[in-house]
Amino acid sequence: MNYWLMKSEPDTFGIDDLFNRPDQTEHWDGVRNYQARNMMRDDMKIGDQVFFYHSNCDEPGIVGIMQVVRESYPDFTAFDPDDKHFDPKSNPDKPSWYMVDVKFVRKLSRNISLRELKLKPELADLALLRRGNRLSIMPVNAEQWAFILGLENA
DNA sequence: GCCAACGTTGGC
DNA sequence: GCCAACGTTGGC
């Protein structure tokens with residue numbers, strides 16, 4: 001099983017929005033970066049666990065856990081001229097962009113903030129903390145996953 | 001293929 | 001609002 005971290009701005013789509021979705025499930029559309037797309041398309045498998053990260057907000061950090069419940073399929077929002085993430089170069093015959101479905105697992109008992117994560121030498125290699133990394137989807141290894149969960153009740 | 005200009009992300 | 005760090009675009 002693989003572990004991931006996915007970013008979203010809570011003003012647009014936060015952990016509570018996922019919680020309130022029918023079946024507590026949503027497609028993760030709008031990813032328009034090739035590296036992130038490749039991870040979703042090729043590597044994200046059903047059952048993979050994902051940290052939900054709130055970005056661009058008062059206290060950026062990890063707020064919950066979700067899991068992959070559907071593997072990659074074309075991101076149809078790329079075909080819709082009225083959609084914010086419309087991409088004229090993508091079409092149903094040859095889609096450029098893919099997405100997965102994720103399901104709410106649980107909220108963390110507290111927000112494990114970016115500020116806190118940065119203080120931990122154990123997380124020096126976490127992709128989220130690497131200089132200049134703006135990817136919206138990043139891998140987390142098993143050790144990092146366990147360490148971060150260990151912070152929850154610390 | 002190079003690279004300058006531009007747009008976006010996202011922490012602060 | 002600022003700005004660093006990219007990724008993308010397009011002229012050449």
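So that the names make sense, note that chain A is the first sequence line, chain B the second, and so on, each numbered from 1.
Between F76(A) and H27(A), the distance separating the two ring centers is shorter than 6.0 angstrom.
Under a 4.0 Å N-O distance rule, the pair R37(A)/D42(A) does not qualify as a salt bridge. The residues R115(A) and E59(A) are annotated as salt-bridged, a charged nitrogen and a carboxylate oxygen being separated by less than 4.0 angstrom.
Residues M44(A) and V50(A) are in side-chain contact: their nearest non-hydrogen atoms beyond the backbone lie under 4.5 Å apart.
No donor-acceptor contact under 3.5 angstrom links the side chains of R134(A) and S55(A), judged on distance only. Between the side chains of D87(A) and W97(A), at least one donor N or O sits under 3.5 Å from an acceptor N or O.
Ring pair F51(A)/W145(A) is parallel by interplanar angle, where below 30° counts as parallel and above 60° as perpendicular.
For DNA chain B, if you chain together Watson-Crick or G-U pairs that step i with j, i+1 with j-1 and so on, the runs of at least three with distances under 3.5 Å are B:1-12 with C:1-12.
Of the two residues contacting DNA chain C, namely K89(A) and N133(A), the nearest-nucleotide position lying further toward the 5' end is that of N133(A). Of the two residues contacting DNA chain C, namely R134(A) and N56(A), the nearest-nucleotide position lying further toward the 5' end is that of N56(A).
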Does the pair K107(A) and D16(A) meet the rule for a salt bridge (charged side-chain N to carboxylate O under 4.0 Å, His left out), with working shown? CA-CA 9 Å; K107(A) 284 196 207 184; D16(A) 291 325; 2.5 Å; yes

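Counting 5' to 3', DNA chain C first comes under 4.0 angstrom of a heavy atom of chain A and last does so at the ends given by dA5(C) to dT9(C).
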